[in-house]
Number of protein chains: 2
Amino acid sequence: MAREIDRRAARTRKALHQALMTLMLRKGYEALSVQDIVDEADIGRSTFYAHYTGKEDLLRSGFQMLREELKEAQSAVRAAAGTSHDDPLGFSTAMFEHAARYADHYRTMIGARDGAVAENEIRLILSEMVRREMPRTLHGDRMPRDFVVQFIVGAFLTTLNWWFERKPGLLPSEVDVMFRSLVLDGLSPLVDDRHR
Amino acid sequence: MAREIDRRAARTRKALHQALMTLMLRKGYEALSVQDIVDEADIGRSTFYAHYTGKEDLLRSGFQMLREELKEAQSAVRAAAGTSHDDPLGFSTAMFEHAARYADHYRTMIGARDGAVAENEIRLILSEMVRREMPRTLHGDRMPRDFVVQFIVGAFLTTLNWWFERKPGLLPSEVDVMFRSLVLDGLSPLVDDRHR
DNA sequence: TATGATAATGGACACTATGTTCGGAATTTT
DNA sequence: AAAATTCCGAACATAGTGTCCATTATCATA
């Protein structure tokens with residue numbers, strides 16, 4: 001069978017991915033140059049371009065691989081254990097634990113707020129706005145106000161994005177109703193069997 | 001009184017902000033160079049650097065101004081009309097309408113997904129995961145599944161971020177409880193007087 | 001293990017952008 | 001009108017990009 005990838009190519013790719021991870025943890029993604037990466041990986045620059053078009057391509061291909069691995073893993077689990085019946089948040093517990101274990105990695109990937117300058121600023125503005133309007137009466141301290149504010153702002157931006165990208169035809173009022181419904185009452189009204 | 005800014009400086013700044021907006025709408029933020037901006041604004045390059053350290057600084061200062069304007073505006077409204085009593089989402093209706101009117105602007109600001117490559121990929125992975133686990137029984141078609149998925153993923157990432165940035169001491173299980181509570185039941189349990 | 005195929009190397013090159021400096025010109029302030 | 005400030009534009013040093021190519025190293029396989 002000759003349809004395997006040349007070992008050299010495989011090694012090169014692995015070295016590059018490895019170097020990318022190392023450097024991202026150290027300096028963050030934005031700050032990296034292709035130069036940095038090939039230096040860290042100890043790979044020729046022209047070789048890099050023989051495999052990827054740039055650092056973004058490299059990063060994407062890494063996630064691509066991860067995605068396929070996860071897909072298989074999940075299928076396996078799904079086949080073995082019984083599907084957690086009707087829990088739309090079944091993933092959360094495991095994911096939070098995973099995130100805790102690999103906190104550094106998650107931070108660099110998600111907290112990579114370098115790129116989206118505009119979105120960050122908008123988040124700030126909206127946060128101020130929401131914080132100001134939020135009733136003092138937040139029922140004890142079950143939930144940190146801070147957290148609630150972020151939740152609301154995040155949901156708002158998600159809604160805005162979905163609206164623009166998927167259903168630009170909807171009216172503002174229609175979108176507003178959906179937003180408020182989801183944020184105020186959550187998912188439970190949408191799920192059949194009441195829990196608890 | 002000598003504490004006004006030189007007119008020339010003011011003009012320069014205005015021209016630069018104007019040029020930035022124009023170009024962002026045309027090509028997006030990431031694709032812009034300082035060169036592009038000063039060309040569009042018809043301003044000398046060295047002059048640019050006399051005012052800002054780079055395009056990010058320029059963008060930030062724009063938002064800075066906007067933020068202060070909004071703050072005043074909101075204070076004014078707040079003083080005049082009665083505060084909308086205890087509605088933690090009081091801002092939403094007006095904001096959605098505003099967004100509809102200036103859709104192009106919002107798109108370029110928020111949809112600027114060029115920057116956060118990693119976060120985008122993570123969103124994709126999580127979306128697949130959530131979509132797969134979401135019960136078929138989504139109670140009619142009151143809410144597009146699509147939208148619900150994005151909502152869940154967004155809330156998850158928000159939670160993760162808040163956890164890491166603000167309360168890294170919490171246990172995964174504790175965070176999970178908060179996440180599930182907010183996403184499943186929404187804000188209403190937190191607000192005193194029941195609505196409807 | 002010889003050999004043809006494939007990949008890696010490293011240096012050269014053209015290009016684009018960055019950020020700084022400075023003298024002279026233009027405009028504003030007083 | 002003089003003094004102060006800002007703008008201009010060109011020059012410069014630096015850094016990174018992406019491509020090309022001749023040479024060398026490694027691999028697949030018969």
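Owing to the predicted nature of the structure, the values given are computational and were not obtained by experimental measurement. Below, chains carry the letters A, B, ... as their sequence lines are ordered, and counting in each starts from 1.
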Check: Using a cut-off of 4.0 Å on non-hydrogen atoms, how would the nucleic acid contact of R8(B) be classed: base, sugar-phosphate, or nothing?
Finding: base
Item checked: Parallel, tilted or perpendicular: rings of F96(A) and W163(B) (30°, 60°) -> perpendicular
Next item on the list: For R166(A), check side chain to side chain donor-acceptor pair (under 3.5 Å) against everything at least two apart and list the hits.
Entry: D146(B)
Note to self: Without decimals, in angstroms, what is the distance between Q35(A) CD and dT17(D) P?
What the structure shows: 7 Å
Next item on the list: Verify the contact: side-chain N or O of H51(A) to OP1 or OP2 of dA8(C), cut-off strictly under 4.0 Å; return yes or no.
Entry: yes
Item checked: Base versus backbone protein contacts along nucleotides 10-16 of chain C [heavy-atom cut-off under 4.0 Å; B, S, -] -> BB-----
Notebook entry, point to check: Is it true that K167(B) and E174(B) have a side-chain N and a carboxylate O under 4.0 angstrom from each other?
Noted result: no
Note to self: Could you tell me how far apart R11(A) (CZ) and dT6(C) (C1') are, to the nearest whole angstrom?
What the structure shows: 13 Å
Check: What is the distance, rounded to the nearest whole Å, between atom CD1 of I5(B) and atom P of dC7(D)?
Finding: 11 Å
Next item on the list: To the nearest Å, give me how far apart OH (Y49(B)) and C1' (dA10(D)) are.
Entry: 15 Å
Item checked: Minimum heavy-atom distance between T158(B) and G154(A), given as atom pair plus value -> OG1-CA, 4.1 Å
Notebook entry, point to check: Expressed in angstrom and rounded to an integer, what is the separation of E56(A) atom CD from dT17(D) atom P?
Noted result: 13 Å
Note to self: So for atom NZ, which belongs to K71(B), do other residues, nucleotides or ligands contribute more than 12 heavy atoms lying within a distance under 6.0 Å?
What the structure shows: no
Note to self: Applying a 4.0 Å non-hydrogen cut-off, can you work out what R13(B) is touching in the nucleic acid: base, sugar-phosphate, or nothing?
What the structure shows: nothing
Next item on the list: Quickly work out the D39(B) CG to dT18(C) P distance and round it to whole Å.
Entry: 10 Å
Notebook entry, point to check: Does T12(B) put a side-chain nitrogen or oxygen below 4.0 Å from OP1 or OP2 of dC7(D)?
Noted result: yes
Margin query: Which label fits W162(B) and F147(A): parallel for a plane angle under 30°, tilted from 30 to 60°, or perpendicular past 60°?
Written below: tilted
Next item on the list: Look at the rings of F179(B) and F91(A) and say which category their plane angle falls in: under 30° parallel, 30 to 60° tilted, over 60° perpendicular.
Entry: perpendicular
Check: Between Y52(B) and S61(B), is any pair of side-chain heavy atoms under 4.5 Å apart?
Finding: yes
Next item on the list: Compare the minimum distances between each of dT28(C), dA7(C), dT18(C) and the side chain of S33(B), then state the nucleotide with the smallest one.
Entry: dT18(C)
Check: Once you round it to whole Å, what is the distance between P of dA3(D) and CG of D6(B)?
Finding: 18 Å
Next item on the list: Anything under 30° is parallel, anything over 60° is perpendicular, the rest tilted; go ahead and classify H98(A) against Y102(A).
Entry: tilted
Check: Rounded to whole angstroms, how far apart are CZ on F48(A) and P on dT19(D)?
Finding: 11 Å
Check: For the helix from dT1(C)-dA30(D) to dT30(C)-dA1(D), what is the angle between the axes at its two ends, each from 5 pairs, rounded to 10°?
Finding: 40°
